[in-house]
Amino acid sequence: MSTSYDQNNIFTKIIAGDLPSHKIYEDDVCISILDIMPESRGHVLVIPKKGARNLIDVDPNDLAELMKRVQKIAVAVKISMNADGLLLRQANEEVAGQTVYHLHFHLIPCYAGKRRSRHGSVEVSNEDLAEIADHIKKLL
Ligand code: AMP
């Protein structure tokens, strides 16, 4: 099994604009989009533009820049979604639950008394995602 970075992945296509997404943030380092199968309302992904397979191979300096964005976006998501908490998750390799092999961080709002959906189990309409993206974007 190869564990090297393969640029032929869905996030590279989204970064290039070859596939649509519900984008909430973009700069020279990363993009942030809504997850199309959210575990809760407002579940976003923060994706570096520079290719890395996951935490194991990313350049530490690139990671440091990326984490500044992760925090900035986390604050915007938590406040705009009026969440009670926020889960940060990042999977490395299939055995850990990684399904897209381009580094990304999940930011998953948590709401008191509300269970989160299972990873990759619930699809949300485009209209709903667009509305949430517009809402979060106002704080970024
Ligand atoms: P992981 O399983 O941790 O590698 O996370 C990959 C995530 O990407 C999953 O939560 C998927 O729901 C999400 N995902 C897959 N394809 C897309 C897409 N086209 N747009 C937005 N999110 C996606």
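Whatever order the structure lists them in is the order used to number ligands and atoms, beginning at 1. Reckoned from all heavy atoms, side chains included, excluding hydrogens, waters and symmetry mates.
Rounding to the nearest 0.5 angstrom, the gap separating the OG1 atom in Thr3 from the CG atom in Asn92 is 11.0 Å.
Each of the atoms 8 (O), 22 (N) of ligand 1 lies under 4.0 Å from some heavy atom of Leu45. Every atom of ligand 1 is numbered from 1 in the order shown, and the set under 4.0 Å from a heavy atom of Thr99 is 1 (P), 2 (O), 4 (O), 5 (O), 6 (C). Near Ile33, the atoms of ligand 1 lying under 4.0 angstrom from a non-hydrogen atom of the residue are 21 (C). Atoms of ligand 1 lying under 4.0 Å from any heavy atom of Phe11, numbered from 1 in the order shown and given with element: 8 (O). Every atom of ligand 1 is numbered from 1 in the order shown, and the set under 4.0 Å from a heavy atom of Gly97 is 1 (P), 2 (O), 3 (O). Counting the atoms of ligand 1 from 1 in the order shown, those under 4.0 Å from a heavy atom of Leu34 are 21 (C). Atoms of ligand 1 lying under 4.0 Å from any heavy atom of Met37, numbered from 1 in the order shown and given with element: 12 (O). Remark: ligand 1 atoms within the under-4.0 Å shell around heavy atoms of His106 are 1 (P), 3 (O), 5 (O), 7 (C), 10 (O).
Closest heavy-atom contact between Ser80 and Ala76: OG-O, 2.6 Å. Listed here is the closest heavy atom pair of Phe11 and Asn9: N-OD1, 3.0 Å. In plain terms, the two heavy atoms of Ile136 and Met81 that are nearest each other are CG1-SD, 3.9 Å.
Note: His104 and His106 meet the aromatic proximity criterion, with ring centroids under 6.0 Å apart.
Using a 4.0 Å cut-off between charged side-chain N and carboxylate O, Arg41 and Asp128 make a salt bridge. Using a cut-off of 4.0 Å between Lys/Arg side-chain N and Asp/Glu carboxylate O, Arg69 and Asp28 are scored as salt-bridged.
At a 3.5 angstrom cut-off on N or O pairs, Val100 counts as close to ligand 1. In terms of polar-atom proximity, defined here as any N/O pair under 3.5 Å, Gln98 makes no such contact with ligand 1.
Within 6.0 Å of NZ on Lys50 lie no more than 12 heavy atoms contributed by other residues, nucleotides or ligands.
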Does the side-chain hydrogen bond (donor to acceptor under 3.5 Å, both in side chains) test come out yes or no for His119 and Arg89, once each step is laid out?
CA-CA 11 Å; His119 185 52; Arg89 201 182 61 228; 3.2 Å; yes
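Scanning the protein for heavy atoms near atom 14 (N) of ligand 1, the closest one is Ile36 CG1, 4.1 Å. Of all protein heavy atoms, the one closest to atom 10 (O) of ligand 1 is Asp35 OD2, 2.5 Å. In terms of protein heavy-atom proximity, atom 5 (O) of ligand 1 is nearest to His104 NE2, 2.9 Å.
One hydrophobic cluster, built from ILVMFWY side chains closer than 4.5 Å, cannot hold both Ile132 and Ile14; they sit in different ones.
The closest approach between any non-hydrogen atom of Leu19 and ligand 1 is not below 4.0 Å. Ligand 1 lies nowhere less than 4.0 angstrom from a heavy atom belonging to Gln90.
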